[in-house]
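To start, the structure under review is shown below, and the notes come after it.
What you see below is based on every heavy atom in this structure, not just the backbone, and it leaves out hydrogens, waters and symmetry mates. None of these values were measured; they are calculated from a predicted model.
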Amino acid sequence: MQEPNIKKLSGEVDSIIFRSEDGRFVVIMLATEGKLVNVVGEMGNIEVGEALTCTGDYEYNNRYGEQFRAKTIERSLPTSANAIRRYLASGIIDSITPPLAKKIVDTFQEDTLKVIENDHEQLMLVDGITKRKAEKIREEFLKTFAVRSLMEMLNRYGLPSSVSIGAWKLWGEKAKGLITANPYVLCNDEINVSFNKADSIASTLNISATSNDRVTAGIKWVLKENAFAGHTALPKDRLAYSVCDLLDIEGSTFEKGLSYELEEENVYSYFKGSREFIMLHDYFQAEDYIARRLSIMSEISYDNKMDFSEVINIAEEENLIEYETKQRQAINLALSKGFLILTGGPGTGKTTTLNAIISLLEQQAKDVMLAAPTGRAAKRLSDLTGHEAKTIHRLLEVTAADEEHLSFVHNENNPLECDALVIDELSMVDSKLFEHLLRAISISCKLILVGDSNQLPSVGAGNVLHDIIESKVMPVVTLTEIFRQSSQSSIVTNAHKIIAGEHPDLRERDNDFFFMQRLKFPELQQLVVDLCTKRLYDAYGYDCYNNIQVLSPTRMGPAGTVELNKIIQEKLNPPDKKKPEVKNKLYTLRKNDKVMQTKNNYDITWKKEDDNGETEEGAGIFNGEIGIVIGANKVLRTVTVDFDGRIAVYQPEMLENLELAYAITVHKSQGNEFDAVILTVLGCSDKLVYRNLLYTAITRAKKLLIIVGSQGQVYKMIDSNKKTLRYTCLKDMIIEQYE
């Protein structure tokens, strides 16, 4: 059944108005039924003179009027002599210049393309075309035709042109044959078509439901989907159940496919006790390397003088400070060992301890580098220590083309030039990134890792901080004493109560921690909007762009981030004829909107101008980075965003990972701190009602926290001490290496 509001538009490409740098997004003028229509969409290497049938719908642009947005296209070679001349003159074939195109078409008229494809030696009848040139023209034409043929085939299956372009870049002329023989190749990391979509294509090609290609693709797909949920491994029995259910196959068929994947080393098997776990190659490699590298680090002492108590005493005298017992222990271990994890809740002196470690290392003439997982976390680390801190990606200098296959300038062959490396907010670091971090430091480099083990684990797969601590074989110091200044903050004291399972008194309203009961969604929404747009500004001078962040455990529902973003945007940045706007699947984005990148993208380029007018250029905008929209082009569907001075232009295909950020989920807030946090707790699903999530949300607030919602649900979260379950093998691998 055809979708509502879907229309078809056929005609000839009259002109190319715009083509994005990667060649995917195109704006054309289409000659149809005696008029020119502005058509926009992902159309790839479309050229003047082509016959085109576009499927999509009309939309209205205040500046450019009516235009047709193409979702899919069907391409045909031009048939009239005039259209063929324009097509060849467009540059589609490098060897044919516009004058030569005219000569060829004047000679062969409507048969020109047939001659090029099937009887190219006839081209030598045209003045200036040698046998060698005729062969080159045919070769280039066939290559172009192959790209078109691939695009037409995949469009018939409802796949966008971006998939065709990606497949051609990956496999070239072999693409069509590979996909026809095994559609599941489209599920790979580079193209990332869903298994269900590839499965539907396979069914039209009469590929057997028990074929090895289908079963192995299903195994990898289930493992990859679970990696998105944080698991680096799956118990074999759970994997078997999921795959057999997805594919509707017998267990014996699954076993045969798994044996093949194990033999090909696409997946690996690892036993934790008597239970077998299955891991994708990249995750096995990451956790195995981490375990082996940590085993080496645990054996190394970096100074024969194991006790640095006297050095710490001198530091106390010079800085007029007295470190408590566990702080001294942490400083001593950092100076004497090659590895240390420093953990603890808010107000327990992690920053004071870290500053002492950095200072004493520098006194020993050690070159110390600092990094954190996100830009905001790195900036906070710089502010707290007075030392430059970078994001981990910028420190290692990322060169990756996609999320799944990270690549960095700094690795075993080109390590960082430092004697000690400090990483903050380690709870946010996943297994793959931690592997690359270890590969980028020399064997003699000290590693000091700082984090709060009670916070949520990383967005990416793995549970690095938790697994290293739980292995109980690496040096770990957990700070527990709340210092006097911090003990005056209800945010700090209540965070510690919550993680201990105690209910704070939500009736207290005389400090920095407030609770406002709202049990009906419209009332909750109205209060959140009032707090964001008026009340906190009147009381504290706080605004949504610089100080206030709304958090929610969930994206969905009336108290979720999607709905809250739309309501807050309507109040703070409503539609205006003078403001250009661009729509993506979820939101309308317009100038002055607060936005967040929701997935690592290594291809987005940016420019930044420093105080001296010098321009720095780079690439990569990462998951969780927040910026402000400073420009939008509705026709080209581009959005320009300012990320703390880094100016990035988003092309249409990049927009799906850009969302409004007036409200963000607690998971997305990790690594960030905000002057004021408004947390909504009402109507959450049971899987989001647990203690660590509430604790993480509360510890995002520096100066003011306001919880809006249900007291009963807040207390239910505190009472639910379920840890976020993640299947990993790192802890057992570390123990195995140590033993």
State, with a plain yes or no, whether a side-chain heavy atom of Asp452 is found less than 4.5 Å away from one of Tyr695. yes
Is Arg293 salt-bridged to Glu435, cutoff N-O under 4.0 Å? no
Taken in chain and number order and not counting sequence neighbours, the residues that satisfy ring-ring contact (aromatic ring centres under 6.0 Å, His included) with Phe622 are His393, Tyr602
Sorted by chain and residue number, the salt bridge (charged side-chain N to carboxylate O under 4.0 Å, His left out) partners of Glu470 (sequence neighbours excluded) come out as Lys472
Presence of salt bridge, Arg646 and Glu625, under 4.0 angstrom: yes
Once salt bridge (charged side-chain N to carboxylate O under 4.0 Å, His left out) is applied, what residue pairs with a partner in residues 386-397 remain, sequence neighbours excluded? Arg394-Glu616
Which residues pass the salt bridge (charged side-chain N to carboxylate O under 4.0 Å, His left out) test with Lys350, not counting sequence neighbours? none
Contacts under 3.5 angstrom, residues 367-380 side chains, donor-acceptor by atom type, not counting sequence neighbours:
from	atom 1	to	atom 2	distance (Å)
Thr374	OG1	Ala377	N	3.1
Lys379	NZ	Asp383	OD2	3.4
Arg380	NE	Glu673	OE1	2.9
Arg380	NE	Glu673	OE2	3.4

Cationic tip of Lys432 above Tyr283 ring, under 6.0 Å, 45° of axis: yes
Thinking salt bridges, do Asp719 and Arg691 make one under a 4.0 Å N-O criterion? no
Quick one: list whatever passes salt bridge (charged side-chain N to carboxylate O under 4.0 Å, His left out) with Glu324, sequence neighbours left out. none
For the residue pair Lys272 and Phe277, would you count it as a cation-pi contact if the rule is NZ or CZ under 6.0 angstrom from the ring centre and within 45 degrees of the ring axis? yes
Using the test side chain to side chain donor-acceptor pair (under 3.5 Å), find all partners of Asp512 that sit at least two apart in sequence or belong to another chain. Ser489
Qualifying residues under side chain to side chain donor-acceptor pair (under 3.5 Å), relative to Ser309, sequence neighbours excluded: Asp307
Applying ring-ring contact (aromatic ring centres under 6.0 Å, His included), name anything that partners His496, two or more places apart in sequence or on another chain. none
Is the OH atom of Tyr241 crowded by more than 12 outside heavy atoms at less than 6.0 Å? no
Only counting residues at least two apart or in another chain, list the ones meeting ring-ring contact (aromatic ring centres under 6.0 Å, His included) with Tyr268. His281, Phe284
Please enumerate all residues that pass salt bridge (charged side-chain N to carboxylate O under 4.0 Å, His left out) together with Lys716, with sequence neighbours excluded. Asp686
With sequence neighbours left out, what residues match His387 under ring-ring contact (aromatic ring centres under 6.0 Å, His included)? none
What I'd like to find out is whether the side chain of Met596 reaches to under 4.5 Å of the side chain of Leu658, using heavy atoms alone. no
